[in-house]
Protein chains: 2
Amino acid sequence: MSDFEHGPFSRKLSAFITLSEAESAVLASLHQRRRKIAAGRDVFQQGQLGQAAYVLSAGWACSYKILQDGERQVVDFQVPGDFLGLRSVLLHVSDHSVVSVTDIEVSEVLLSDLLGVFERTPRLAAAVLWAASRDEAMVVEHLAGIGRRNAVERMAHFLLELGARLSLVGMGSRAGFDCPLTQYLLADALGLTAVHVNRVLRQLREEGLVAVKDGYVAFEDYERLTEFAGFDPAYLDQPGPLLK
Amino acid sequence: MSDFEHGPFSRKLSAFITLSEAESAVLASLHQRRRKIAAGRDVFQQGQLGQAAYVLSAGWACSYKILQDGERQVVDFQVPGDFLGLRSVLLHVSDHSVVSVTDIEVSEVLLSDLLGVFERTPRLAAAVLWAASRDEAMVVEHLAGIGRRNAVERMAHFLLELGARLSLVGMGSRAGFDCPLTQYLLADALGLTAVHVNRVLRQLREEGLVAVKDGYVAFEDYERLTEFAGFDPAYLDQPGPLLK
DNA sequence: CGCGGACTTGAAGGTATTCAACATGCGTGG
DNA sequence: CCACGCATGTTGAATACCTTCAAGTCCGCG
């Protein structure tokens, strides 16, 4: 049985462990409670008692925090195959909010489901922990970018990372990718103002590195952009399953 | 049997699950390979093939990334009970480095140990995943701070969070805590220069909020500082075990 | 005693923000 | 159908925050 039949989530996990039929079946059983959510709706909110997490099967979502003074910081964007709110389910109280950027489709995963999966198929526990680690690695890279890169490098690096992630699920290439993010969302992700995001994008465009226009990110000179941003995709790549 | 007998790691996990004797024994078995490391030594490095993670049992450590241009971003500091390199063991390649800030004591945990623990005691898998989630929540809060708080608020929030974490393991209070971090380390953690850290600390001292001097952080007005920094410890608190 | 690491302070400069104005495109209702 | 509102994108000018560069202090230690 192909690991790819059950959608992007199985596809993602199968990069870490080779899924047995039993394990595939257990994963498939997680997709019982499907929901469609329109663009711009909160999936869940910061502070909410969250017993459920979700697996995103279609569309883009965005996890963010609202600070005391009302400022928003986008922590990460989620694309198909990613978890929504995995931390929340384990922390009992959500430390962040998630909003749909486009129309999305999700499967609800209860804490009890997750614990059941862990007991019946411990290898899947490792796979889920791996997926969580990979997500955290991206958050950490994001942290480093905000802390230590200037606005232009930060944007360049961010666009390259997003492109690499999307390539892994067949939604992007070295040419570019469709991107539904507004300059406001980009600003809140990169710790900038929307005004400055605009200037930075102009600069990257004028230097012939990357052009963002009409919902499409076009890499005009992938090599030079990679060089400029100091982008190293090692933390995203998974050469093969670690557990056979 | 008290959950506290086996050191800060068991103490931390027992905030999430009530440990059975069998589970405590399994945890204790993880502390077979103990190592002492002098201050200022790398425990492991970014890019290294890391089969092993560590549990910190004494002292302070610091995880960081080095960017292309040589700039350092400190991701988090670790105090007793915290994991070192859990992500690395699951990602196979470490995405960050860890250095000892003080003399430290660690226990090595192999990937095979961890998988064994998951198979024998699935509830511990959940507990470990919870601990990882809690650590990630701190990284996310850190990200939000760097992205959306100015230098003074950022520093205030950081010191409050550190104080709260240390209080949980009995190493701090609302009065203050011992802190071995230099202004250079603080700068690299907060995405500032050491020079500006110095000015920010002076400002916080002059406003009677918090004073950092001779390795001790003294909260001079905890209430007002909390208010000023917009500090909400919800994501650190765990009212009681989620799994009995 | 001299050296290095950590800390401190001033002055100048650059990056990103703030404020303000305007352009563009899309959907909705008059 | 066109007017209008609203979200998004664009650009300029003034300002603020933080960095950079530079100089110097303090202290522990070989």
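In this text the structure is predicted, and so the values were computed from the model without any measurement.
- A sub-4.0 Å separation between OP1 or OP2 of C:dT17 and a side-chain N or O of A:T193 is present.
- Of the two residues near DNA chain D, B:V195 and A:Q183, the one whose nearest nucleotide lies more 5' is A:Q183.
- The interatomic distance linking A:L186 (CG) with D:dT8 (P) rounds to 12 Å, in whole Å.
- Between the C1' atom of C:dT18 and the CG atom of A:L192 lies a distance of 14 Å, rounded to the nearest Å.
- Protein atom CG of A:N198 is 14 Å distant from nucleotide atom P of C:dA16, rounded to whole Å.
- With hydrogens and angles ignored, a donor-acceptor pair under 3.5 angstrom links the side chain of A:R199 to the base of D:dG12.
- If you check every strand for non-hydrogen atoms under 4.0 Å, A:G191 touches sugar and phosphate atoms only.
- Taking both residues in full, the closest heavy atoms of B:M155 and B:L190 are given as CE-CD1, 3.5 Å, listed atom of the first, atom of the second, then distance.
- Taking atom CZ of residue A:R149 and atom C1' of nucleotide D:dT19, one finds them 19 Å apart after rounding to whole Å.
- Rounded to an integer number of Å, the gap from A:Q203 CD to D:dT11 C1' is 15 Å.
- Counting to the nearest Å, the P atom of C:dA6 and the NZ atom of B:K213 are 19 Å from each other.
- Taking atom CZ of B:R148 as the reference point, atom C1' of C:dA16 lies 11 Å away to the nearest angstrom.
- Between B:H96 and B:F44, the distance from one ring center to the other falls under 6.0 angstrom.
- Salt bridge A:R165/A:D82: present, at least one basic N to carboxylate O contact under 4.0 Å.
- Side chain to side chain, A:Q45 and A:S94 fail the donor-acceptor criterion of an N or O pair below 3.5 Å.
- Across all strands, A:R202 comes closer than 4.0 Å only to sugar-phosphate atoms, never to a base (heavy-atom distances).
- Here the nucleotide nearest the side chain of A:N150, chosen from C:dA16, C:dG10, C:dC7, is C:dA16.
- Here the nucleotide nearest the side chain of A:H196, chosen from D:dG9, C:dA16, D:dC18, is C:dA16.
- Rounding to whole angstrom units, CD of residue B:E71 and C1' of D:dT19 are separated by 11 Å.
- The pair A:E223-A:R174 meets the salt-bridge criterion, with a side-chain N (NZ, NE, NH1 or NH2) lying under 4.0 Å from an Asp/Glu carboxylate O.
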